[in-house]
Asks: 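Quick one: this structure, given as structure tokens, is what I'll be asking you about.
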Amino acid sequence: MSDAIKVAGPDGSPQEFPRGVKVAEVVRALYPDRAEVTVAALVDGKEADLQVALQADVSAFRPITVDTPEGLEVLRHSTSHLMANAVKSLFPQAKVTIGPAIDTGFYYDFDVPGTFSPEDLARIEARMAEVGQADLPFIRMEWPKAQAIAFFREQGEHYKVEIIEGIEDPIVSIYRVGDFVDLCTGPHVPSTSRIRAFKLLSTAGAYWRGDERNPMLQRIYGTSFPDRASLEAHLRRLEEARERDHRKLGRELDLFSVQEDAGGGLIFWHPKGTRVRMVIEELLRRELLRAGYQFVTTPHLVRRDLLGISGHLDFYSEYMYAPMDVEGQQYIVKPMNCPGHILIYRSALRSYRELPIRLAELGTVYRFERSGVLHGLLRVRGFTQDDAHIFCRPEQLLGEITQILQMMFAVLRLFGFDRYEVYLSTRPEKFVGVRESWDQAEAALADALKALGCTYEVDAGGGAFYGPKVDLKIMDVLDRAWQCGTVQVDFNFPERFDLAYISESGARARPIMVHRAILGSLERFMGVLIEHYRGAFPTWLAPVQAVVLNVTQAQEPYGEQVYQRLLREGVRVERDFRNETLGHKIRDAQLKKVPYMLVIGKREAEAGGVSPRTRAGQDLKCMPLEQFLDRLREECRPCTEGLLG
RNA sequence: GCUGGCGUAGCUCAAUUGGCAGAGCGGCUGAUUUGUAAUCAGCAGGGUGCGGGUUCGAGUCCCAUCGCCAGCUCCA
């Protein structure tokens with residue numbers, strides 16, 4: 001046995017190292033410029049700590065650096081151990097459970113008698129900093145299960161014992177940092193000095209193993225970054241998100257409210273919010289009509305039996321409100337629009353010549369959500385879907401899906417969402433319909449996406465039992481993803497409702513049904529929009545597009561003329577003729593994020609013009625009213641012109 | 001729903017160990033006639049979420065209840 005081993009270098013060529021060489025030394029030799037940011041390595045596909053001694057040839061070797069998501073995860077996971085170390089030393093009675101890295105940081109769940117106060121968090125953070133300074137190494141050990149169980153049982157760490165008992169491997173890995181010993185797969189950073197920029201953010205209750213029947217643990221959330229600057233950037237982003245909170249902006253801009261007297265999760269759209277909503281609704285109506293959709297209106301209350309035919313009672317009842325008794329019949333408030341649309345389809349014998357039939361409705365539905373999950377406009381109990389159901393022949397499916405996706409992308413671009421994540425969910429293990437139909441539908445979805453040059457991820461087996469689907473998540477300016485549009489092929493309802501059309505040959509045939517929504521819920525979409533624009537809607541969407549401001553009361557009559565003229569032109573205009581200084585009125589309009597402030601003083605009145613000031617603070621100087629109107633019309637073109645040419 | 005935190009004027013927030021419920025903004029009235037992010041003065045506005053209790057005395061302490069906020073999905 002030779003004393004040398006071969007490790008694949010950056011170009012794949014084998015490099016010689018002494019047997020037992022540490023991963024860290026290999027990194028230093030092969031990737032000298034990245035050694036500083038390396039926290040672990042991928043050795044033949046397995047993550048390894050830097051202090052692991054290599055005993056055999058390695059055919060694939062790659063450092064894991066903190067500037068990658070996996071490296072960041074290692075750093076954060078190590079930070080959670082550092083935090084657990086600090087908690088155990090300050091609260092010796094605390095029992096540790098799990099402490100993984102998450103997308104934005106890490107958490108660790110503890111079983112402690114009380115709760116952690118903000119002061120406790122500060123103490124823990126201070127202790128973490130001390131331990132970090134001490135530069136304690138993370139030491140990996142491998143113990144037989146029995147030894148690990150005995151050790152943790154002796155420590156009274158029964159959650160750990162429970163975890164280990166569930167592990168199949170006879171050997172478990174253990175990490176020690178200072179006095180703190182934890183069961184962990186690793187890898188970890190080599191020592192605590194690598195943990196340089198972290199912050200504990202919040203505490204929360206969390207059930208052991210996420211099950212509400214289990215004891216409630218105390219969770220501490222924190223985050224960790226390779227350097228101070230990234231941490232601070234992250235904290236600024238959190239602050240930014242708070243500033244953009246649609247609930248705060250909704251109140252400040254008087255867009256909507258939720259009323260305690262009416263109940264949670266039920267939205268009251270105020271005049272300003274309704275104006276924005278109307279712009280969106282009118283745009284959708286116009287575009288859908290142009291695309292060959294027909295609008296329908298269906299009742300909010302239907303017999304409960306209808307939901308029995310659709311099968312909703314079986315798989316959706318937890319979201320439905322209790323039925324009400326109407327002259328001995330059970331009625332329910334509709335949780336979805338599809339059954340109503342199906343009844344309209346079924347109200348006549350359909351010919352293949354009529355298909356596709358595209359029925360659209362801005363349909364308001366009510367779904368039960370547990371009180372704790374309600375959140376502003378983003379999670380509500382009553383909402384309006386931009387819903388539509390398409391009934392088509394199999395050979396029309398690809399065309400229909402393509403049209404839907406085209407419209408979806410066009411609409412989202414219009415609202416300033418240029419980035420999205422697209423998921424294609426395919427046949428699950430349990431499904432209805434025949435395999436060939438599924439294959440055809442999945443192919444149609446995939447082909448349509450490809451034809452549009454859209455990159456997507458496949459969620460294999462992630463489709464609903466009734467059909468495959470494409471989901472769209474939009475990314476807002478803060479890189480947050482929001483579920484919006486969806487296209488779902490449905491083989492189930494046509495069967496259950498026995499839908500049919502008469503084919504070319506005169507035979508009865510089964511149509512394919514497609515459910516689709518572009519924005520999803522108007523409530524949720526507006527919540528996302530408010531945050532996306534920070535309440536400063538572009539002119540075409542703004543609830544108030546312009547406000548007329550007089551310099552002195554002498555200009556009030558002229559200001560009124562301007563106001564009336566703009567109103568007649570369809571401009572969403574307001575006037576502020578209060579007895580205040582111009583500066584004051586500008587400030588107020590600015591805080592309301594109105595795109596244009598029309599200053600009217602002596603000069604403007606004499607010239608018969610207006611001096612617009614933009615929300616950005618630019619003075620456009622005195623211009624004729626017509627010129628201002630042209631400018632407004634130009635800015636509203638994206639919404640007035642039509643999306644698909 | 002569960003765990004924790006928080007509920008004071010329309011909004012944002014004060015109120016010492018239990019000791020007279022306050023301010024700013026907003027609103028109203030008046031003065032001022034204002035040129036690109038807050039003119040000045042005065043006035044009104046409150047069973048401190050709701051219901052009990054302890055106390056000479058409760059915004060403050062206790063119990064119950066309603067609502068809001070965060071988390072409860074990330075799994076050694």
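Chain A is the first sequence line, chain B the second, and so forth, proteins listed ahead of strands; every chain is numbered from 1.
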Asks: Whole angstrom is fine here: how far is it from CG in A:Leu121 over to P in B:G5?
Replies: 14 Å

Asks: What's the gap between B:G26 and B:G10 when it is taken at their P atoms, as a whole Å value?
Replies: 16 Å

Asks: Return the CG to CD1 distance between A:Leu625 and A:Ile600, rounded to the nearest 0.5 Å.
Replies: 8.0 Å

Asks: Can you identify which nucleotide, out of B:G35, B:A76, B:U36, has its nearest atom closest to the A:Asp619 side chain?
Replies: B:U36

Asks: Under a 3.5 Å limit for both distances, which nucleotide forms a Watson-Crick or G-U wobble pair with B:U48, could you say?
Replies: none

Asks: When all nucleic acid strands are considered with a 4.0 Å heavy-atom cut-off, which category describes A:Glu580: base, sugar-phosphate, or nothing?
Replies: base

Asks: Now, which nucleotide makes the Watson-Crick or G-U wobble pair with B:C25, with each of the two distances under 3.5 Å?
Replies: B:G10

Asks: Does any nucleotide pair with B:A37 by Watson-Crick or G-U wobble geometry, both distances under 3.5 Å, and what is it?
Replies: none

Asks: When all nucleic acid strands are considered with a 4.0 Å heavy-atom cut-off, which category describes A:Arg247: base, sugar-phosphate, or nothing?
Replies: sugar-phosphate

Asks: Starting the side chain at C-beta, find the nucleotide from B:A76, B:A38, B:U33 nearest to A:Arg587.
Replies: B:A38

Asks: Which value, in whole Å, describes the distance between the C1' atoms of nucleotides B:A44 and B:A9?
Replies: 11 Å

Asks: Could you tell me whether A:Arg219 contacts a base, only the sugar-phosphate backbone, or nothing, with contacts defined as non-hydrogen atoms closer than 4.0 Å?
Replies: sugar-phosphate

Asks: Got a donor-acceptor contact below 3.5 angstrom from the A:Glu604 side chain to the A:Gly609 backbone?
Replies: no

Asks: Students often get this wrong, so: under 4.0 angstrom with heavy atoms, is A:Lys585 touching a base, only sugar-phosphate, or nothing?
Replies: nothing

Asks: Please report the distance, rounded to the nearest Å, between CZ in A:Arg251 and P in B:C11.
Replies: 8 Å

Asks: Would you kindly give the CG-to-P distance between A:Asp109 and B:G4, to the nearest whole Å?
Replies: 15 Å

Asks: Any side-chain N or O of A:His375 less than 4.0 Å from the OP1 or OP2 oxygen of B:C69?
Replies: no

Asks: For a quick check, tell me whether the side chain of A:Tyr107 and the base of B:C74 share a donor-acceptor pair closer than 3.5 Å.
Replies: no

Asks: Hey, does A:Ile163 reach any base, or is it just sugar-phosphate, or nothing, if we go heavy atoms under 4.0 Å?
Replies: sugar-phosphate

Asks: NA contact type, A:Gly264, heavy-atom cut-off 4.0 Å: base, sugar-phosphate, or nothing?
Replies: sugar-phosphate

Asks: Just call it for A:Val373: base, sugar-phosphate, or nothing, with non-hydrogen atoms closer than 4.0 Å on any strand.
Replies: base

Asks: Do any side-chain nitrogens or oxygens of A:Arg615 fall under 4.0 Å of OP1 or OP2 in B:A37?
Replies: no

Asks: Would you call the rings of A:Trp143 and A:Phe152 parallel, tilted or perpendicular, where under 30° means parallel and over 60° means perpendicular?
Replies: tilted

Asks: Measuring only the C1' atom in each nucleotide, how far is B:G46 from B:C11? A whole number of Å is fine.
Replies: 15 Å

Asks: Is it the case that A:Arg244 and A:Tyr533 place a side-chain donor and acceptor less than 3.5 Å from each other?
Replies: no

Asks: Backbone N or O of A:Arg572 within a donor-acceptor pair of the A:Gln545 side chain at under 3.5 Å?
Replies: yes

Asks: In terms of the nearest nucleotide of RNA chain B, which residue is placed more toward the 5' end: A:Gly583 or A:Asp588?
Replies: A:Asp588

Asks: With a non-hydrogen cut-off below 4.0 angstrom, is A:Thr97 in contact with a base, only sugar-phosphate, or nothing?
Replies: nothing

Asks: Evaluate the side-chain proximity of A:Ile220 to A:Ile124: yes if any heavy-atom separation is below 4.5 Å, no if none is.
Replies: yes

Asks: Do A:Tyr108 and A:Asp182 have a side chain donor and acceptor closer than 3.5 Å?
Replies: yes

Asks: Does either side chain, that of A:Tyr563 or that of A:Arg565, offer a donor lying less than 3.5 Å from an acceptor on the other one?
Replies: no

Asks: Of the options B:A37, B:C75, B:U39, whose atoms approach the side-chain atoms of A:Ile586 most closely?
Replies: B:A37

Asks: Within this structure, what is the CH2-to-P distance between A:Trp208 and B:U73, rounded to whole angstrom?
Replies: 13 Å

Asks: Of the nucleotides B:C72, B:G35, B:U3, which has the atom closest to the A:Gln218 side chain?
Replies: B:U3

Asks: Using atom C1' of each nucleotide, how far apart are B:U48 and B:U33 to the nearest Å?
Replies: 42 Å

Asks: Give A:Arg578 one of three labels, base, sugar-phosphate or nothing, depending on what nucleic acid heavy atoms sit under 4.0 Å from its own.
Replies: sugar-phosphate

Asks: If B:C68 has a Watson-Crick or G-U wobble mate with both distances under 3.5 Å, name it; if not, just say none.
Replies: B:G5

Asks: If the cut-off is 4.0 Å, is A:Arg370 near the phosphate of B:C72, judged by side-chain N/O to OP1 or OP2?
Replies: no

Asks: Syn or anti for B:G52, with syn set at within 90° of 0?
Replies: anti

Asks: Tell me what A:Glu604 touches on the nucleic acid: a base, only sugar-phosphate, or nothing, going by heavy atoms under 4.0 Å.
Replies: base

Asks: Expressed as a whole number of angstroms, how long is the span from A:Glu252:CD to B:C25:P?
Replies: 17 Å

Asks: With respect to the side chain of A:His584, which nucleotide from B:A76, B:C75, B:U39 is positioned closest?
Replies: B:U39

Asks: If we call it a pair only when both distances are under 3.5 Å in a Watson-Crick or G-U wobble match, what pairs with B:C20?
Replies: none

Asks: Just how far, in rounded Å, is C1' of B:G10 from CG of A:Asp254?
Replies: 11 Å

Asks: If we take the P atom in both B:G59 and B:G18, what is their distance in whole Å?
Replies: 13 Å

Asks: Please tell me which of the listed nucleotides, B:A37, B:U33, B:A76, lies nearest to the side chain of A:Gln553?
Replies: B:U33

Asks: Closer than 4.0 Å, any side-chain N/O of A:Tyr221 to the OP1 or OP2 of B:C72?
Replies: yes

Asks: When we call it a touch if two heavy atoms are under 4.0 Å apart, what does A:Gly601 touch: a base, just sugar-phosphate, or nothing?
Replies: base

Asks: Over all strands shown, is A:Arg603 touching base, sugar-phosphate only, or nothing at heavy-atom distances under 4.0 angstrom?
Replies: base

Asks: Out of B:C74, B:A37, B:A76, which nucleotide sits closest to the side chain of A:Pro100?
Replies: B:C74

Asks: What does A:Leu549 touch in the nucleic acid at a heavy-atom separation under 4.0 angstrom: a base, only the sugar-phosphate, or nothing?
Replies: nothing

Asks: What is the distance, rounded to the nearest whole Å, between atom CG of A:Leu374 and atom C1' of B:C2?
Replies: 15 Å

Asks: Less than 4.5 Å apart, side chain to side chain, heavy atoms only: is that true for A:Lys95 and A:Phe110?
Replies: no

Asks: To the nearest Å, how far apart are A:Arg379 CZ and B:C69 P?
Replies: 13 Å

Asks: Give me the distance, rounded to whole Å, that separates B:G57 from B:C40 when you measure between the P atoms they each carry.
Replies: 45 Å

Asks: With rounding to the closest Å, how many angstrom separate the C1' atoms on B:A64 and B:U54?
Replies: 15 Å

Asks: For atom C1', what is the distance between B:C25 and B:C20, given to the nearest Å?
Replies: 26 Å

Asks: Does any donor atom in the side chain of A:Ser230 or A:Glu232 lie under 3.5 Å from an acceptor atom in the other side chain?
Replies: no

